[in-house]
Amino acid sequence: MFDENDLKFMKKAYLLAMRAYEEGEVPIGAVIVREGSIIGEGYNQTELLRDATAHAEMIAITAAENNKDNWRLNDCTLYVTVEPCMMCTGAISLSRIGRVVFGVEDPRMGFISSKFDGLQELNINKTVTVESGLMRDEIQELMQNFFRELRERDKQNKR
């Protein structure tokens, strides 16, 4: 299922998620790979940029399209730590990304396998391959720590 290159690129996405965590953002990181090289990367920056669309995947897609000088990313793989939301799934489909690898499902917002199979149901990009579960435990722990700390801060602020 996954090979050593998949692990290498998901580890890079995880490092980007750690950067988001350190900056107080929801810890999600993403990289886009073409022919064995990263051509786009991003991490959540919604708070920093005050922009609801500044998700890791959106930033990585824009960077990859600019790097490739083409909006069609059909020969690329997106590695993202958490299952993409509805907006990001739409962007994945519209940019024609050929393969998506994500670490953990998002039962609340996930739009690839948790809430809805957006890539298949929307029928925009029939050629995308989806795989999940790579580095699931590490990513799950990072997400749980982030939201636990957020809840603790909220409790202290209410006192």
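Note: hydrogens, waters and symmetry copies are ignored here, and every other heavy atom, side chains too, is used.
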[X] to [Y] - nearest heavy-atom pair and separation:
X: K115; Y: P107; result: CE-O, 3.6 Å
X: I39; Y: C76; result: CD1-SG, 3.8 Å
X: I61; Y: I92; result: CD1-N, 4.0 Å
X: I32; Y: L73; result: CD1-CD1, 4.2 Å

* To do: Go through the steps to decide whether Y21 and N145 satisfy the test side-chain contact (heavy atoms from CB on, under 4.5 Å), and finish with yes or no.
  => CA-CA 10 Å; Y21 183 98; N145 288 342; 3.8 Å; yes

Taking [X] for its side chain and [Y] for its backbone only, find out whether a donor-acceptor pair lies under 3.5 Å.
X: T81; Y: G103; value: no
X: N157; Y: R153; value: yes
X: D6; Y: D3; value: yes
X: N44; Y: A56; value: yes
X: E47; Y: E25; value: no
X: R19; Y: A17; value: no
X: E83; Y: S113; value: yes
X: T62; Y: M58; value: yes

Within the structure provided, determine whether [X] and [Y] are in side-chain contact (heavy-atom separation under 4.5 Å).
X: I139; Y: Y14; value: yes
X: I28; Y: H55; value: no
X: M18; Y: L142; value: yes
X: R34; Y: N67; value: no

* **Pair F102-V130, side-chain contact (heavy atoms from CB on, under 4.5 Å): steps then yes or no** => CA-CA 8 Å; F102 66 88; V130 177; 3.7 Å; yes

For [X], does the [atom1] atom sit with more than 12 other heavy atoms under 6.0 Å from it, leaving out its own atoms?
X: K11; atom1: NZ; result: no
X: M86; atom1: CE; result: no
X: Q144; atom1: CD; result: yes

